[in-house]
Amino acid sequence: MGCFRTNPEETVDGIIALIGSPGSGRTSFMCNATGETYQDKGNGIKCQTTKVEAGLYTDDYGRKILLLDTPGIRAPLGRGEREMYEEDVRRVVEEWLKKHGHDRLTGILFFQHLKAKRPEALNIGCFHGLCPRDTYSSIVLVGTMGNDTDLRKFENLEAWRNLMNRGAKPLRYQNTRQSAREAINMIISASGF
């Protein structure tokens, strides 16, 4: 995509990965959070994220948080290739962190389209070790493209309930800068910095 201009080696206070299926709102979230606008390839067609893209978010206290827009879970790896799974996303995030001199994530924002018939089955276990603390308390379940009723429906489904019982927190993202800041602040607060 190439729509975010930042130096990935810059010293930052935290790194948050944006993970979810294609079309779940990760890239628009990052644009809202960073103030950047999407730059398409010139043909007017938005491409799905195929590699890790970094954007810099600075909070009201001057803390710099690197946001990593990741390839979509269940997206094809390439023409005629198999789909990308959570383990593949973990691998590309881990490679990106290593390449740019970082070792861990501060947290994960997991994006779920609230109008979907059921939540994505997320293999959280594969992300253990990428966050310095308990992985579950480092996760915000970000519901997109729905309302509060849709969010409550997902909170009551077993897949989300299990994650929330282990420490993950739900949030309905409203496609605004303020809502993006709220999700990021939930991870900052949980991380203790």
Side-chain angles (χ1 to χ4, degrees), residues 1 3-4 14-34 36 38 46-55 57 65-77 82-97 105-128 130-131 135-147 150-151 153-155 157-164 166-177 179-187 190:
M1 277 182 1
C3 67
F4 305 105
I15 303 173
I16 299 172
L18 284 56
I19 296 173
S21 61
S24 60
R26 298 177 325 276
T27 302
S28 63
F29 176 95
M30 193 144 117
C31 289
N32 274 325
T34 63
E36 295 282 342
Y38 179 82
K46 283 189 176 183
C47 300
Q48 71 182 30
T49 306
T50 57
K51 62 181 182 161
V52 174
E53 295 280 346
Y57 166 81
I65 309 296
L66 208 52
L67 302 176
L68 304 182
D69 189 6
T70 65
I73 295 171
R74 312 284 184 273
L77 288 169
R82 69 174 178 82
E83 292 180 339
M84 179 169 269
Y85 296 102
E86 291 89 337
E87 294 82 5
D88 301 309
V89 173
R90 181 206 164 97
R91 180 184 44 76
V92 297
V93 168
E94 211 165 25
E95 289 170 0
W96 189 95
L97 289 169
L105 295 173
T106 306
I108 296 170
L109 295 174
F110 175 67
F111 289 77
Q112 168 71 55
H113 192 302
L114 292 175
K115 294 295 185 183
K117 292 183 180 172
R118 64 179 197 271
E120 292 283 331
L122 179 64
N123 176 9
I124 295 288
C126 79
F127 295 101
H128 283 293
L130 277 184
C131 297
T135 302
Y136 294 98
S137 63
S138 302
I139 294 173
V140 175
L141 303 169
V142 181
T144 63
M145 300 169 230
N147 58 35
D150 297 321
L151 181 64
K153 176 182 77 174
F154 271 76
E155 289 173 347
L157 294 174
E158 186 177 359
W160 272 36
R161 206 172 46 245
N162 288 340
L163 295 173
M164 290 165 40
R166 293 177 156 189
K169 299 154 288 302
L171 172 82
R172 183 172 70 88
Y173 174 59
Q174 299 176 36
N175 200 25
T176 64
R177 181 162 173 81
S179 188
R181 294 168 65 94
E182 184 180 349
I184 294 166
N185 287 334
M186 288 172 77
I187 290 186

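This one's a predicted model, so the numbers in the text were calculated from it and none came from an experiment.
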| said: Tell me the closest heavy-atom pair linking Thr106 and Gly14, and the distance in Å. | reply: OG1-CA, 3.0 Å
| remark: Heavy-atom nearest pair, Ser24 first then Phe111, reads OG-CB, 3.4 Å
| request: Would you sort out whether Leu66 and Tyr57 count as a side chain to side chain contact (heavy atoms under 4.5 Å, CB included), showing the intermediate values? | output: CA-CA 6 Å; Leu66 208 52; Tyr57 166 81; over 6 Å; no
| Heavy-atom side-chain proximity of Leu163 to Leu141 below 4.5 angstrom | yes
| Are the side chains of Leu151 and Trp160 in touch, meaning some heavy atoms are under 4.5 Å apart? | yes
| pair Phe110-Val142: side-chain heavy atoms closer than 4.5 Å | no
| note | Closest non-hydrogen contact found for Leu114 with Asn147 is CD1-O, 4.1 Å
| said: Is there a side chain to side chain contact (heavy atoms under 4.5 Å, CB included) between Leu97 and Leu105? Walk through the geometry before answering. | reply: CA-CA 8 Å; Leu97 289 169; Leu105 295 173; 4.2 Å; yes
| message | Taking salt bridge (Lys or Arg N to Asp or Glu O under 4.0 Å) as the definition, give me every residue that meets it alongside Glu87, ordered by chain and number, with sequence neighbours left out. | response | none
| message | Please enumerate all residues that pass salt bridge (Lys or Arg N to Asp or Glu O under 4.0 Å) together with Lys115, with sequence neighbours excluded. | response | Asp150
| message | Looking at every non-hydrogen atom in both residues, tell me the closest pair between Ala190 and Ser137 and how far apart they are. | response | CB-O, 3.7 Å
| query | Between Leu18, Leu68, Leu109, which is the residue that forms a side-chain contact (heavy atoms from CB on, under 4.5 Å) with Arg26? | reply | Leu18
| note | With sequence neighbours left out, the residues meeting salt bridge (Lys or Arg N to Asp or Glu O under 4.0 Å) with Glu94 are Arg90
| message | Could you report the tightest heavy-atom contact between Ala54 and Trp96, atom names first, then the distance? | response | CB-CZ2, 3.7 Å
| task | Evaluate the criterion side chain to side chain contact (heavy atoms under 4.5 Å, CB included) for residue pair Leu130 and Val93; output intermediate values, then yes/no. | result | CA-CA 9 Å; Leu130 277 184; Val93 168; 4.3 Å; yes
| query | Does the Arg172 side chain pair with the main chain of Gly143, one donor and one acceptor, at a distance under 3.5 Å? | reply | no
| remark: Between the CD atom in Glu36 and the CG atom in Leu67, the distance rounded to the nearest 0.5 Å is 11.0 Å
| request: Take atom CZ of Arg166 as the centre, draw a 6.0 Å sphere, and report whether it contains more than 12 heavy atoms from other residues, nucleotides or ligands. | output: no
| Full working for side chain to side chain contact (heavy atoms under 4.5 Å, CB included) between Ile139 and Ile187 | CA-CA 7 Å; Ile139 294 173; Ile187 290 186; over 6 Å; no
| query | So which heavy atom on Gly107 is nearest to which on Cys131, and how close? | reply | CA-SG, 4.1 Å
| remark: Rounding to 0.5 Å, atoms OG1 (Thr70) and CD1 (Ile19) come to a distance of 5.0 Å
| task | State, with a plain yes or no, whether a side-chain heavy atom of Ile65 is found less than 4.5 Å away from one of Ile16. | result | yes
| All side-chain contact (heavy atoms from CB on, under 4.5 Å) counterparts of Met186, not counting sequence neighbours | Val140, Lys169, Leu171
| note | Here the gap from Cys126 atom SG to Tyr85 atom OH, rounded to the nearest 0.5 Å, amounts to 13.0 Å
| Who passes salt bridge (Lys or Arg N to Asp or Glu O under 4.0 Å) against Arg181, sequence neighbours left out? | Asp60
| query | Which is it for Phe154 and His113 under the ring-ring contact (aromatic ring centres under 6.0 Å, His included) test, yes or no, and what are the steps along the way? | reply | CA-CA 10 Å; Phe154 271 76; His113 192 302; 9.1 Å; no
| task | Only counting residues at least two apart or in another chain, list the ones meeting side-chain contact (heavy atoms from CB on, under 4.5 Å) with Asn175. | result | Ser28, Asn32, Tyr173
| Met84 CE to Ile73 CD1 distance, which is reported to the nearest 0.5 Å | 9.5 Å
